[in-house]
Amino acid sequence: MKSHKESIMNKAKAYSAASATSPLALDTVQRRDTTESDVQIEILYCGICHSDLHTVRDEWNSVMPTTYPCVPGHEIVGRVIEVGKAVTEYSPGDVVGVGCLVDSDQSCPACLENVEQFCPDSTFTYNSPDKHLGGVTYGGYSESIVVDEKFVLKVPGNLNLARVAPLLCAGITTYSPLRRWGDINGKKVGVVGLGGLGHMGVKFAKAFGAHTVVFTTTPGKKDDALRLGADEVIISSDSEQMKAHAGSFDYILNTVSADHDVNVYLGMLGMDSTMTMVGAPEAPLAVSAFALIFGRKNLNGSLIGGIKETQEMLDFCGEHNITSDVEVIPIQTVNEAYERLLQSEVKYRFSIDMASLKEE
Ligand code: NAP
Ligand code: ZN
């Protein structure tokens with residue numbers, strides 16, 4: 001039995017939402033004691049993913065309803081402060097990452113294939129049943145977290161940590177489908193939406209040698225898109241530009257967070273080509289069968305990536321010096337940041353400096 005004093009020591013400051021309509025505000029959450037296989041991490045930076053906003057506002061209620069209080073955050077970079085005695089890979093002082101997953105059964109076909117995100121018993125970093133403490137898991141808008149070492153990632157030493165945090169979700173979510181679609185070197189690849197995921201998609205598509213084209217609804221992002229590595233930029237509201245590229249893409253990665261006409265982008269694909277949805281708008285999208293039938297086109301989806309591939313992605317980023325373009329913010333401005341995220345105004349990911357939580 002833990003004494004009362006020891007339990008109190010495992011309390012962590014965090015920002016939580018009390019309901020779908022409440023702003024995020026200072027709270028305290030219980031973290032578990034560090035078990036044999038656990039790593040306790042002091043969080044240094046946490047990215048703001050649009051999934052955090054969808055979850056906090058319960059926009060995915062029909063698929064994954066939100067339990068309150070909700071502490072979001074699954075783009076975590078921090079420093080190890082304590083390890084359990086069976087931990088072999090990490091020591092106090094190491095700089096590590098945690099993404100969207102913190103547990104899985106390790107024995108189902110998905111886990112055996114290193115795609116733990118599809119394990120029927122996986123635990124997501126927040127808003128997932130907590131097997132240790134009951135209730136739900138609490139994410140990275142917090143000063144610390146305790147995670148099984150199998151779900152802790154090694155962060156390359158040469159990268160800026162505020163810019164690394166978004167790799168743990170936006171990075172792997174775009175890296176994984178682009179890799180899965182095979183050798184895209186020299187292929188014409190589209191990225192729809194230049195936000196957190198989209199700007200990482202551009203960096204990876206370019207690094208993999210694709211002729212990379214951004215579709216954006218925001219004309220003011222054109223120069224940034226080119227600077228980030230795009231070869232061409234299409235303003236999606238310009239029907240002449242859209243017409244000129246119709247039927248010409250080998251692959252499209254769709255990162256849009258809101259309702260939009262996917263048929264328009266299916267029309268951009270060449271024969272037998274594929275569009276992958278990683279964006280997860282609240283409401284179902286209307287897909288015209290004709291947009292798929294003519295040209296025998298494919299529409300599919302992709303969910304983050306497994307732990308092995310996430311480590312591979314981080315190592316790739318270390319080798320190629322790839323990080324996210326971030327605006328570092330104190331946690332006290334997180335609610336304003338959400339409003340700017342909704343306005344597609346972020347360039348291109350908010351990264352919360354968790355030192356700001358110490359001031360509370
Ligand atoms: P984000 O930073 O807000 O970027 C989304 C971008 O979509 C915006 O910057 C904007 O780009 C475009 N957009 C927004 N509203 C639009 C509209 N009404 N019509 C057309 N385009 C619009 O969001 P994010 O963090 O990258 O996340 C994107 C989506 O992916 C979210 O739904 C998120 O939940 C989901 N997600 C999925 C996974 C997964 O595993 N599948 C993982 C993480 C996130 P422009 O200004 O360039 O048009
Ligand atoms: Zn995310």
Side-chain angles (χ1 to χ4, degrees), residues 46-57 59-60 63-64 66 72-76 97-101 115-118 122 124-127 139-141 165-178 180 190-203 213-225 228 230 233-238 242 253-262 264-265 276-283 285 300-306 309-310 313 324-327 337-351:
C46 184
I48 297 182
C49 179
H50 208 116
S51 304
D52 300 349
L53 188 155
H54 289 304
T55 307
V56 160
R57 300 193 177 173
E59 291 175 354
W60 291 338
V63 188
M64 293 181 277
T66 304
H74 56 207
E75 296 186 333
I76 298 167
V98 177
C100 303
L101 292 165
V115 283
E116 301 90 348
Q117 71 271 35
F118 304 125
S122 62
F124 289 92
T125 306
Y126 61 83
N127 197 42
Y141 296 9
L167 300 178
L168 277 304
C169 176
I172 183 61
T173 302
T174 50
Y175 179 96
S176 180
L178 287 168
R180 188 169 162 74
V191 176
V192 188
L194 195 67
L197 265 58
H199 93 290
M200 290 312 306
V202 170
K203 291 185 186 209
V213 183
V214 167
F215 293 94
T216 180
T217 60
T218 312
K221 290 182 181 173
K222 183 173 179 182
D223 290 345
D224 281 346
L228 291 163
V233 181
I234 300 173
I235 310 302
S236 49
S237 55
D238 182 333
M242 293 292 273
L253 187 64
N254 186 326
T255 77
V256 175
S257 52
D259 189 26
H260 65 291
D261 186 0
V262 284
V264 168
Y265 299 102
T276 298
M277 297 301 306
V278 285
E282 178 174 1
L285 299 163
N300 71 357
S302 188
L303 176 68
I304 49 173
E309 194 175 35
T310 305
M313 177 275 308
S324 176
D325 283 32
V326 296
E327 182 176 334
Y338 272 32
E339 291 314 309
R340 286 179 55 201
L341 190 61
L342 270 180
Q343 302 304 317
S344 304
E345 264 181 31
V346 190
K347 294 186 170 172
Y348 279 87
R349 198 58 143 186
F350 287 118
S351 186

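Treat the numbers as computed from the prediction; the structure is a model and nothing was measured. Just follow the structure's listing: the first ligand is 1, and inside any ligand the first atom is 1. In what follows, residues are counted from 1 in the order of the sequence shown. No hydrogens, no waters, no symmetry mates; every other heavy atom, side chains included, goes into these values.
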Counting from 1, what ligand 1 atoms have a heavy atom of [X] closer than 4.0 Å?
| X | result |
| --- | --- |
| Ser344 | 8 (C), 9 (O), 10 (C), 14 (C), 46 (O) |
| Thr173 | 38 (C), 39 (C), 40 (O), 41 (N), 42 (C) |
| Gly193 | 11 (O), 47 (O) |

With respect to [X], determine whether any N or O atom, backbone or side chain, lies less than 3.5 Å from an N or O atom of ligand 1.
| X | answer |
| --- | --- |
| Val278 | yes |
| Leu197 | yes |
| Trp60 | no |
| Tyr348 | no |
| Ala280 | yes |
| Gly196 | yes |
| Leu194 | yes |
| Lys221 | yes |
| Ile304 | yes |

Do the side chain of [X] and the main chain of [Y] share a donor and acceptor less than 3.5 angstrom apart?
| X | Y | value |
| --- | --- | --- |
| Ser176 | Ile172 | no |
| His74 | Pro72 | no |
| Ser302 | Val278 | no |
| Lys347 | Asp224 | no |
| Gln117 | Gly306 | yes |
| Thr66 | Thr55 | yes |
| Glu75 | Ala170 | yes |
| Ser257 | Pro281 | no |
| Ser236 | Thr216 | yes |

Can you check side chain to side chain contact (heavy atoms under 4.5 Å, CB included) on Ile304 and Cys169, steps first, answer last?
CA-CA 7 Å; Ile304 49 173; Cys169 176; 4.2 Å; yes
Among protein heavy atoms, which lies nearest [atom], and at what distance?
| atom | value |
| --- | --- |
| atom 5 (C) of ligand 1 | Ser257 OG, 3.6 Å |
| atom 48 (O) of ligand 1 | Thr217 OG1, 2.6 Å |
| atom 47 (O) of ligand 1 | Thr216 OG1, 2.5 Å |
| atom 1 (P) of ligand 1 | His50 ND1, 3.7 Å |
| atom 25 (O) of ligand 1 | Arg349 NH1, 2.6 Å |

Give the minimum heavy-atom separation between Leu53 and Glu59, together with the two atoms involved.
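That would be CD2-OE2, 3.9 Å.
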For residues [X] and [Y], determine if any side-chain heavy atom of one lies less than 4.5 Å from a side-chain heavy atom of the other.
| X | Y | result |
| --- | --- | --- |
| Asp325 | Lys203 | yes |
| Leu101 | Phe124 | yes |
| Leu194 | Thr218 | no |
| Leu167 | Tyr175 | no |
| Leu253 | Pro177 | yes |

Applying a strict 4.0 Å limit to heavy atoms, is [X] in contact with ligand 1?
| X | value |
| --- | --- |
| Val346 | no |
| Gln117 | no |
| Leu53 | no |

I'd like the name of whichever of [options] reaches closest to [atom] through any heavy atom.
| atom | options | value |
| --- | --- | --- |
| atom 30 (O) of ligand 1 | Gly279, Ser51, Ser176, Ser236 | Gly279 |
| atom 16 (C) of ligand 1 | Thr174, Val256, Thr255 | Val256 |
| atom 31 (C) of ligand 1 | Met200, His260, His54 | His54 |

Is the shortest distance from a Lys or Arg side-chain nitrogen in Glu282 or Arg57 to a carboxylate oxygen in the other one below 4.0 Å?
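Looking at Glu282 and Arg57, the cut-off is not met.
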Should the proximity of Asp259 to ligand 1, defined as any heavy atom under 4.0 Å, be assigned to the side chain, the backbone, both, or neither?
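The answer is the backbone of Asp259.
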Could you tell me whether Cys169 approaches ligand 1 through its side chain, its backbone, both or neither, with non-hydrogen atoms closer than 4.0 Å?
side chain
Spatial distance of atom CE (Met200) from atom CG (Leu178) [nearest 0.5 Å]
10.5 Å
N, O or S atoms of the protein lying under 2.8 Å from the Zn ion (ligand 2)
Cys49 SG, His74 NE2, Cys169 SG
